[in-house]
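What follows is one structure encoded as structure tokens, with my remarks underneath.
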Amino acid sequence: MPEYDHQEIELKWHDRWKNDPDLYASDAQPGRQRYYVVEMLPYPSGHLHMGHVRNYSIGDALARYMWMRGYDVLHPMGWDAFGLPAENAALKRGRDPREWTIENIAVMKQQMIRMGFAYDWKREFATCEPEYYRWNQWFFLKMLERGLAYRKQALLNWCPECGTVLANEQVVNGCCWRHETTPVEQRALDQWFLKITDYAGELLDDTYERLEGGWPERVLTMQRNWIGRSEGAELDFGLERGGTVRVFTTRVDTIYGATCVILAPEHPLVEGMHAPDLKERVKAMIDSRARKEPSDLVKEGAFTGEYAINPYSRERVPIWIGNFVLMSYGTGAIMAVPAHDQRDFEFCKQYGIEIRPVIRPVDGELPDVSKMSEAYGDYGITENTGQWSGLPSALAKREMTEFAEQNGFGKAATTYRIKDWGISRQRYWGTPIPVIHCEACGIVPVPENQLPVVLPANVKITGKGRSPLENVPEFLNVDCPKCGGKGRRETDTMDTFVDSSWYFYRYCDARNDAAPFDRAKAGQWFPIDQYIGGVTHAILHLIYSRFWTKVMRDMGLIENSEPARNLFTQGMVLKDGTAMSKSKGNVVDPEDMVDKYGADTCRLFVLFAAPPEKDMEWQESAVGGQRRFLERVYRLVTGAAERVHGEADNPTPEDRRALRKLHQTVRKVTGDFDNRWHFNTSIAALMELVNELYEVKDGMTAASRPVVLDDLTLLLAPFAPYMAQELWEQLGHEGPVFRHQWPTFDEELAKEEAAEIPVQVNGKLRARISAPFGTTAAELERLALAEPKVQSFVAGKQVVKVIVVPDKLVNIVVK
RNA sequence: GCCCGGGUGGCGAAAUCGGCAGACGCAACGGACUUAAAAUCCGUUUUCCGGCAACGGGAGUGUGGGUUCAAGUCCCACCCCGGGCACCA
């Protein structure tokens, strides 16, 4: 009896497959159905961990299944050059980040091949390649032309000790990650932004219209909260010193209760105000908030000494500055209605500002100020609100907004929480932003035929100053493309989320050097049928890539409005309760596991241990079970395949049992693939099949054995491709097993000979009866009542009702 | 605070449409084979009560109520765990 030797089998097929570049290559054939599956690309830390293996095992099983269902499947692989970690890790090792990344990508590619993942390597590319930079830059220029890219001053985290800009994730407890006692400051620098807010409405609406059903509700909710639409009005309060200040509110109906106006500390009006100590207090508020200190949850304010005029009541109200008012939301200024907004209530209470209720509950009185302990935030009926008194809130809002529009001091407005996407990074790593600053012409785009602007080699990364590129004169100094005068290249590089926003389009046409991709080719594959990745990207990546898709659609490059029809978020693989990560030192190296147990066992295990959307704790002790299962399969198929006896037209009871279980298993596994991807139950079903086959194998004849062994092998192919391929060959077949047709099942053959029907008395199981399928309700009732055990529970009682679910259950209700 | 998930044996889990709770596997224990071990195969394993036993009976899916002939599954309230957002006017 041959023993299962995973080293030998996996090496054999690995060697054959690696010499066949077309093995997994897919070109869409006319008239055939297509399936495009993409896993989120990995960050090249140099090693896969079990989390990756799980991610790709899911997508790979799906791709192989779809192939077997006769689809043309595109299952490509690309590589993400995730900026900050790559640069930091390279720095630590004193390496050039580009070389470091490319080396790691090569290592990871070998690991992926060894795991037997079915990727179309012809379409491989890395987002740190100059060719990819070129198209990032091309997109940037197109967006600049369309007014979707712009430059403005923004506050950045700055560590005075390092003298450098910090990314948000480098700020730890309000301090620099390298200098843990140096508080981070805010510095105003010019930054590039993409106008994602132009698409905020569509991005939000499509979470209902185009994504509902195909994306996890959890992700859609997170995106909706992130985009955060609120509808209200913008209103101008007159300034006593002249001019106006614009506030945003969702509750115009409460404006008669506004007892002050509060500005964000960063509000431009603050510049011109001169109350004593005001500048210092404002600066302190800004820095404190940047550091996200816990004390920021305590409200703090400063009176500016100035007053504004309520446009409805003409009342004069003081202007304050408040640390809880955000410059980035609405207009950066609010009217405070302490009686009807909890935050305003707390603020005004603290500073002794008047609290004035103007809304009463529909069936109640105006709140009594002396007894109020919190604001009344619900809708109600307006009172003491001039000509709008006595109206329900909703109506008052509408009429008062109209009044503002007619009188030119305001308008209905929709505000979003989402902000424009700041793509500038002051780092070496990333796509250079392709503009030139000319002394005479200002900002000049790099002409398209001069793309790509590439990163210079031999850059010294000192960790000081703004960008390492500023210290490279050959890169920095350039002639203005417009006037030929002295110019200075932009040294900001792009956020690497730009790369990941459209990489899956490049797969369709990875070698195109005339365009990012061909329109027709993208049209063949998009939208992605199935996108698979971790929930960690629910917000940033998955909103940016949706935005990018909509921009490309408006540019006429594609027709789809959303990148992916279906999104699947797989759970994390945990070790000791937390996500595996190198820094925590709790990674499990798949290479060790593959050496020890084999790639098939590893893949089977990560799919079997838990349903794929759930987090799972890594437990090596459980891996042995999967290994044993594969050994059992191997022995069963290779052992049984040799021995053929009996006649095909003379099936034994064992043949019938084997075939019945086979058809049940095909039905189960097919259903799991088509409906819910609970591969743990698919694999459990395969185990049941194998257990049953061990019981009946000695009685099986040619009537069942060939089809049973073939189909078992085919069912195994999406989960354990090496094993399946080896068995496929040993069973006398040729060609890749995953191109063979998926087995079909017959409901009739899957049926048990008789139904085992539980009989309950008052809902409690008392007996089981066996009856042929399709037995009538009346007959089942008679059989159930005739059962001795049932009779002992029914005796002496009155049968009130008998519920019969044919082929399923009998329940006798007695009193 | 708000919004999502989730809570089932010693462990990972299953029960897909309201119909036999614990499939499948891990671990543990017992047995067969073996000089022995490994491997393999067979069996037991939610819990309590009664019984030498076959078996019989009760309880049981975070807690408390409810709907129903029937609830892990539906409804109401609460507790706990995980995640996201967090002064968004």
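Below, chain A is the first sequence line, B the second, and so on; all start at residue 1. We use all heavy atoms of the structure for the numbers below, so side chains are in, but hydrogens, waters and symmetry mates are not.
Between A/N811 and A/G763, the shortest heavy-atom contact is OD1-N, 3.1 Å. Heavy atoms only, all atoms of each residue included: A/R660 and A/A750 are closest at CG-O, 3.6 Å. A pairwise comparison of heavy atoms in A/M572 and A/R54 identifies O-NH1, 3.5 Å as the closest pair.
Nucleotides B/G18 and B/G10, compared at atom C1', are 31 Å apart to the nearest Å. Here the separation of B/A37 from B/G30, taken at their P atoms, is 13 Å to the nearest Å. For the P atom pair drawn from B/A21 and B/U73, the interatomic distance equals 14 Å after rounding to whole Å. Taking atom C1' in both B/A53 and B/U16, one finds a spacing of 41 Å when rounded to whole Å. Taking atom P in both B/G60 and B/A70, the straight-line distance is 15 Å, to the nearest Å. Atom P of B/U8 sits at a distance of 14 Å from the matching atom of B/G82, rounded to the whole Å. Rounded to whole Å, the P atom of B/A71 lies 11 Å from the corresponding atom of B/U61. The P atoms of B/A59 and B/G72 are separated by 13 Å, rounded to the nearest whole Å.
Within 4.0 Å of A/Y416, counting heavy atoms only, lies no atom of the nucleic acid at all. Among the protein residues, A/R218 comes within range of the sugar-phosphate backbone only, with heavy atoms under 4.0 Å from sugar or phosphate atoms but none that close to a base. Among the protein residues, A/Q342 comes within range of no part of the nucleic acid, since none of its heavy atoms lies under 4.0 Å from any strand. Using a 4.0 Å heavy-atom cutoff across all strands shown, A/G625 reaches sugar-phosphate atoms only and no base atom. Using a 4.0 Å heavy-atom cutoff across all strands shown, A/K789 reaches sugar-phosphate atoms only and no base atom. Using a 4.0 Å heavy-atom criterion, one finds that A/F605 contacts no nucleic acid atom at all. Nucleic acid contact class of A/K815 (heavy atoms, under 4.0 Å, all strands): none. Within the nucleic acid shown, A/V623 has no heavy atom closer than 4.0 Å to any nucleic acid atom.
Distance from the side chain of A/T681 is smallest to B/A15 among B/C69, B/A15, B/A89. Nearest nucleotide to the side chain of A/W226, out of B/C26, B/A15, B/C85: B/C85. The side chain of A/I334 sits closest to B/A89 out of B/A13, B/A89, B/G25. Considering only the side chain of A/M687, B/G25 comes nearest among B/G25, B/A14, B/G57. With distances taken from any side-chain atom of A/L809 to the nucleotides B/G19, B/A14, B/G25, the minimum falls on B/G19. The A/S621 side chain lies nearest to B/C26 when the options are B/C26, B/G19, B/A89. Candidate nucleotides B/A59, B/G57, B/G12 were compared by shortest atom distance to the side chain of A/F793, and B/G57 ranks first.
Residues A/Q626 and A/R603 bring no donor and acceptor atom of their side chains to less than 3.5 Å of each other. Looking only at atom types and distance, the side chain of A/Y416 has a donor-acceptor partner in the side chain of A/R229 under 3.5 Å away. For the 3.5 Å distance criterion, the side chains of A/D672 and A/T681 qualify, holding a donor opposite an acceptor. A/Q791 and A/E787 are not linked by any side-chain donor-acceptor pair at a separation below 3.5 angstrom, with hydrogens and angles left out of the test. Looking at A/T259 and A/R356, their side chains never bring a donor and an acceptor atom within 3.5 Å of each other.
The nearest whole Å value for the distance from the CG atom in A/N691 to the P atom in B/C42 is 8 Å. Across the protein-nucleic acid pair, A/L689 atom CG and B/G25 atom P stand 12 Å apart, rounded to whole Å. The distance from atom CG of A/D341 to atom P of B/G1 is 18 Å, rounded to the nearest whole Å. One interatomic measurement links the two molecules: CZ of A/F608 to C1' of B/A13, which rounds to 8 Å at whole-angstrom precision. In this structure, A/E756 atom CD and B/G19 atom C1' are separated by 15 Å, rounded to whole Å. The CG-P distance, from A/L220 to B/G84, rounds to 18 Å in whole Å. One atom, CD of A/Q760, and another, C1' of B/C69, lie 9 Å apart when rounded to the nearest Å. Atom NZ of A/K299 is separated from atom P of B/A89 by 14 Å (rounded to the nearest Å).
Between A/S230 and the phosphate of B/A89, there is a side-chain N or O to OP1/OP2 separation shorter than 4.0 Å. For A/K668, no side-chain nitrogen or oxygen approaches OP1 or OP2 of B/C24 to under 4.0 Å. Considering only side-chain N and O atoms, A/K614 lies under 4.0 angstrom from the phosphate OP1 or OP2 of B/A13. For A/R627 and B/G25, the shortest distance from a side-chain N or O to OP1 or OP2 is not below 4.0 Å.
Taking 4.0 Å as the cut-off between side-chain N and carboxylate O, A/K751 and A/E747 do not count as a salt-bridged pair.
A/K299 forms a cation-pi arrangement with A/F324, by the criterion of a distance under 6.0 Å to the ring centre and an angle within 45° of the ring axis.
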Using a 3.5 Å limit on both pairing distances, list the dot-bracket string of RNA chain B from the 5' end; Watson-Crick and G-U wobble pairs count, crossing pairs take [ ], interstrand pairs take |.
-> (((((((..(((......[....))).(((((.......))))).(((((....)))))..(((((..]....))))))))))))....

Check nucleotides 39-41 of chain B against the protein and report each pair of N or O atoms closer than 3.5 Å, with its distance, or say if there are none.
from, atom 1, to, atom 2, distance (Å)
B/C41, OP1, A/R632, NH1, 2.5

Verify side chain to side chain donor-acceptor pair (under 3.5 Å) between A/R417 and A/N225, making sure each step is shown before the conclusion.
-> CA-CA 8 Å; A/R417 207 192 76 110; A/N225 291 341; over 6 Å; no

Could you walk me through whether A/F497 and A/W421 pass the ring pair (Phe, Tyr, Trp, His ring centres under 6.0 Å) check?
-> CA-CA 10 Å; A/F497 273 113; A/W421 175 14; 7.3 Å; no

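Position along RNA chain B of the nearest nucleotide to A/K808 versus A/N680 favours A/N680 as the more 5'-ward residue. Mapped onto RNA chain B by nearest heavy atom, A/Q619 and A/A684 fall at different nucleotides, with A/Q619 at the one closer to the 5' end.
Each of A/Y65, A/F568, A/F605, A/F673 was scored for a ring pair (Phe, Tyr, Trp, His ring centres under 6.0 Å) with A/F679, with one residue passing: A/F673.
Contact annotation: side chain of A/N225 to base of B/C85, donor-acceptor pair absent below 3.5 Å.
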